[in-house]
Amino acid sequence: MMDFGDSVLAMTEKIPRGRVTNYGEIAKALGDVRLARAVGQALKKNPRPVKVPCHRVVCSDGRIGGYSRGVSEKIKLLSAEGIVVENNRILDLERIFVSSSELIKS
DNA sequence: ATAAGGGCACCGC
DNA sequence: CGCGGTGCCCTTA
C-alpha cells in the first residue's frame, strides 16, 4: 500500500541538502508529470519529518508552493540550507534545481 | 463503490 | 508578465 507515496518519499529523500526540485520532476521521475498533484498529496499526508525533506520540493514556476506545517516554516528551512527565498520565490532556482534524472539515479 | 479534495502543471487570454 | 480555468493522478471520508 502507499506504494506511490513511498516512491515519492524516496525521491524526496534523494534531494541533496541545499538543493530543491518541483513536484512535476518527482512526478516525471515516477513516470508521469500528471502525478504532480498526487505527489503533493503524498508529501502532505505526512511523510517522515527530517527523513523526508519535503521542504525541498517547490512549484515548477519556482514558487515555494505549500507546506503542511506552514509556508513560513518551509521558507525558514530552505533558508537554513542556504537557499535564498524572496517573495515566496526561490532565487537561482536552476542553480539548485534537481532534475528528474538525478532523482531516478538511485 | 462513489464523491470530494489537494503542498500541481499547463495553456490561453 | 500576471491571472484564471482546466485536466490528471492519488488518498481519504
Side-chain angles (χ1 to χ4, degrees):
Chain A
M1 90 179 262
M2 218 196 235
D3 198 7
F4 179 81
D6 196 5
S7 301
V8 175
L9 299 180
M11 292 298 164
T12 309
E13 284 185 62
K14 291 164 186 68
I15 303 174
R17 183 180 172 287
R19 286 256 182 92
V20 297
T21 187
N22 58 38
Y23 303 89
E25 285 304 299
I26 295 177
K28 283 195 269 188
L30 294 177
D32 237 318
V33 61
R34 306 185 203 74
L35 304 178
R37 300 205 306 199
V39 171
Q41 281 301 264
L43 294 176
K44 162 192 192 255
K45 285 190 171 206
N46 163 47
R48 298 291 187 229
V50 186
K51 187 173 178 63
V52 181
C54 31
H55 61 270
R56 290 182 194 155
V57 186
V58 298
C59 288
S60 61
D61 59 351
R63 288 207 183 229
I64 298 299
Y67 198 57
S68 307
R69 296 148 107 196
V71 182
S72 315
E73 199 62 22
K74 185 169 182 176
I75 296 173
K76 194 197 279 186
L77 290 168
L78 292 172
S79 303
E81 299 195 353
I83 299 173
V84 183
V85 180
E86 190 61 41
N87 241 254
N88 285 342
R89 284 208 197 165
I90 297 196
L91 303 183
D92 302 323
L93 178 61
E94 298 193 0
R95 204 152 78 174
I96 60 178
F97 181 77
V98 181
S99 69
S100 58
S101 307
E102 297 298 305
L103 294 173
I104 297 171
K105 286 195 314 177
S106 50

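This is a predicted model, so every value here is computed, not measured.
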Nearest-angstrom distance from the residue atom [atom1] of [X] to [atom2] of [N]:
X      : N       : atom1 : atom2 : result
K45(A) : dG6(B)  : NZ    : P     : 15 Å
K28(A) : dC10(B) : NZ    : C1'   : 12 Å
Q41(A) : dA13(C) : CD    : C1'   : 13 Å
N46(A) : dT11(C) : CG    : C1'   : 14 Å
D32(A) : dG7(C)  : CG    : C1'   : 12 Å
L9(A)  : dC10(C) : CG    : P     : 15 Å
L43(A) : dC10(C) : CG    : P     : 15 Å
R34(A) : dA9(B)  : CZ    : P     : 14 Å

*With a 4.0 Å cut-off, would you call K105(A) and E102(A) a salt bridge?*
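Result for this pair is yes, salt bridge flagged.
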*Those residues of residues 57-74 of chain A lying under 4.0 Å from DNA chain B by at least one heavy atom*: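 Result for residues 57-74 of chain A: V57(A), C59(A), S60(A), G66(A), Y67(A), S68(A), K74(A), sorted by number.
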*Do any of residues 84-106 of chain A sit with a heavy atom less than 4.0 Å from DNA chain B, and if so which?*
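Close to the strand, none.
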Looking at [atom1] of [X] and [atom2] of [Y], how far apart are the two atoms once the value is rounded to the nearest 0.5 Å?
X       : Y      : atom1 : atom2 : result
R69(A)  : H55(A) : CZ    : NE2   : 10.0 Å
L103(A) : I26(A) : CG    : CD1   : 6.5 Å
I96(A)  : R56(A) : CD1   : CZ    : 10.5 Å

_Using modelled atom types and a 3.5 Å cut-off, is there a donor and acceptor pairing between side-chain atoms of T12(A) and backbone atoms of C54(A)?_
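No: the side chain of T12(A) does not pair with the backbone of C54(A).
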*Is a donor on one side and an acceptor on the other found under 3.5 Å between the side chain of N87(A) and the backbone of R89(A)?*
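No; judged by distance alone, with no hydrogens or angles, the pair does not exist.
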*Consider only side-chain heavy atoms of I, L, V, M, F, W and Y, link residues closer than 4.5 Å, and tell whether Y67(A) and I64(A) are in one cluster.*
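No, Y67(A) does not connect to I64(A) through the hydrophobic network.
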*Stem segments of DNA chain B by first residue number [Watson-Crick or G-U, under 3.5 Å, at least 3]*: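 For DNA chain B the paired stretches long enough to count as stems (3 pairs minimum) are B:2-6 with C:9-13, B:8-13 with C:2-7.
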